[in-house]
Student: 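Take a look at this one; I'll ask things after.
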Amino acid sequence: MNVLTYGEIMEGGASVFHCVVREDAGSLFVIFSGVVRVDNPARHLSELLAELRQLLPGRTIDRTVIDFTELEFCNSNGFYIIMDIIELVYAATTGPVLVRRLEEDDWQQETLPILLNLDEAAVAERTSFEDVGEI
C-alpha cells in the first residue's frame, strides 16, 4: 500500500488527529483517526489539502474507501476540514465510494450523510456505507 499524503494535528506536543491517504491496486483509502478539537484545523492540514489537489487528478482510481471508524471526536470546526477533504476526493475520482463508520456512534450515523452532501444525487449514487461494530 502506497501512502500518497498524510496530515496531522498536534496539540500539547502530541499528535491527536491523523488523515492518511493511501493507494493500493486502483483503490484510494482516506482514513481519519483521533480527535479534532482545535479552532482552526485547516491551518494544520493546509499542506494535506494542497497535496491532494495535486496528487488526485489524473490518477486511475477504481474505488474509494473513506474510513471514519478511528475518528473519536470532531468539533464543528473539524467538520469543515473533513468536508474540504471529502469534496476534493469526490471531485477527483469517479468510481464508487464506500464510507466506513461506527454503527453505535450517533455523530457518525447522523452527521456523516450531511458532511458527505448526500442530498446531491451524484454523490448519493456513488456512496454506500459499511457500519462497523466498536473497534
Side-chain angles (χ1 to χ4, degrees):
M1 195 172 286
N2 181 31
V3 174
L4 296 178
T5 189
Y6 173 91
E8 71 180 332
I9 295 175
M10 302 288 289
E11 190 174 274
S15 180
V16 295
F17 172 81
H18 303 99
C19 178
V20 179
V21 180
R22 298 180 175 138
E23 183 180 35
D24 187 27
S27 293
L28 183 72
F29 298 87
V30 181
I31 302 158
F32 297 100
S33 62
V35 175
V36 181
R37 287 192 175 105
V38 296
D39 289 335
N40 187 1
R43 180 174 53 105
H44 300 274
L45 299 173
S46 60
E47 284 185 41
L48 169 73
L49 291 170
E51 288 176 358
L52 284 175
R53 283 185 192 98
Q54 290 179 346
L55 292 170
L56 292 181
R59 279 194 125 68
T60 303
I61 297 171
D62 300 320
R63 74 180 192 112
T64 301
V65 176
I66 303 174
D67 192 335
F68 291 94
T69 60
E70 296 178 23
L71 183 64
E72 298 169 36
F73 177 80
C74 182
N75 67 6
S76 58
N77 291 322
F79 296 170
Y80 295 107
I81 193 66
I82 288 175
M83 288 170 58
D84 290 345
I85 293 166
I86 289 170
E87 184 177 289
L88 281 169
V89 169
Y90 272 91
T93 63
T94 58
V97 177
L98 173 67
V99 177
R100 298 184 76 234
R101 63 184 178 182
L102 294 173
E103 66 184 340
E104 298 295 325
D105 186 309
D106 290 339
W107 179 84
Q108 289 190 14
Q109 292 292 318
E110 296 169 11
T111 306
L112 287 180
I114 297 166
L115 291 179
L116 295 168
N117 196 16
L118 290 185
D119 288 341
E120 188 177 319
V123 172
E125 289 172 8
R126 297 176 54 193
T127 305
S128 62
F129 289 93
E130 177 185 354
D131 290 330
V132 177
E134 196 68 29
I135 296 179

Student: Find the distance between CG (Leu115) and CD1 (Ile81) and round it off to the nearest 0.5 Å.
Tutor: 12.0 Å
Student: Among residues at least two apart in sequence or on other chains, which ones pass side-chain contact (heavy atoms from CB on, under 4.5 Å) with Val35?
Tutor: Arg37, Glu72, Phe73
Student: Between the main-chain N or O of Leu102 and the side-chain N or O of Gln109, is there a donor-acceptor pair closer than 3.5 Å?
Tutor: yes
Student: Distance-only, no hydrogens or angles: does the Asn75 side chain make a donor-acceptor pair with backbone N or O of Gly78 under 3.5 Å?
Tutor: yes
Student: Is there a side-chain contact between Leu56 and Val89 in this structure, where contact means two heavy atoms from C-beta onward sitting under 4.5 Å apart?
Tutor: yes
Student: Which heavy atom of Phe129 sits nearest a heavy atom of Pro113, and at what distance?
Tutor: CZ-CG, 4.3 Å
Student: Find out whether Phe68 and Thr111 are in side-chain contact, i.e. whether some heavy atom of one side chain is under 4.5 Å from a heavy atom of the other.
Tutor: no
Student: Under a 4.5 Å cut-off applied to non-hydrogen side-chain atoms, are Leu4 and Arg59 in contact?
Tutor: yes
Student: With a cut-off of 3.5 Å and sequence neighbours excluded, list every side-chain donor-acceptor pair involving residues 7-22.
Tutor:
from: Glu8; atom 1: OE1; to: Ser15; atom 2: OG; distance (Å): 2.6
from: Ser15; atom 1: OG; to: His18; atom 2: NE2; distance (Å): 2.7
from: His18; atom 1: NE2; to: Tyr6; atom 2: OH; distance (Å): 3.1

Student: Would you call Tyr90 and Asn117 a side-chain contact if the rule is heavy atoms closer than 4.5 Å?
Tutor: no
Student: Evaluate the side-chain proximity of Asp84 to Leu45: yes if any heavy-atom separation is below 4.5 Å, no if none is.
Tutor: no
Student: Do Ile85 and Leu49 have side-chain heavy atoms sitting under 4.5 Å apart?
Tutor: yes
Student: Would you say that Ile82 contacts Leu71 through its side chain, given a criterion of any heavy-atom pair below 4.5 Å between the two side chains?
Tutor: yes
Student: If you look at every heavy atom in Val123 and Leu116, which pair is closest and at what distance?
Tutor: CG1-O, 3.2 Å
Student: Report, as yes or no, whether the 6.0 Å neighbourhood of atom CD on Glu87 holds more than 12 heavy atoms from other residues, nucleotides or ligands.
Tutor: no
Student: Are there more than 12 heavy atoms of other residues, nucleotides or ligands under 6.0 Å from atom CD of Glu130?
Tutor: yes
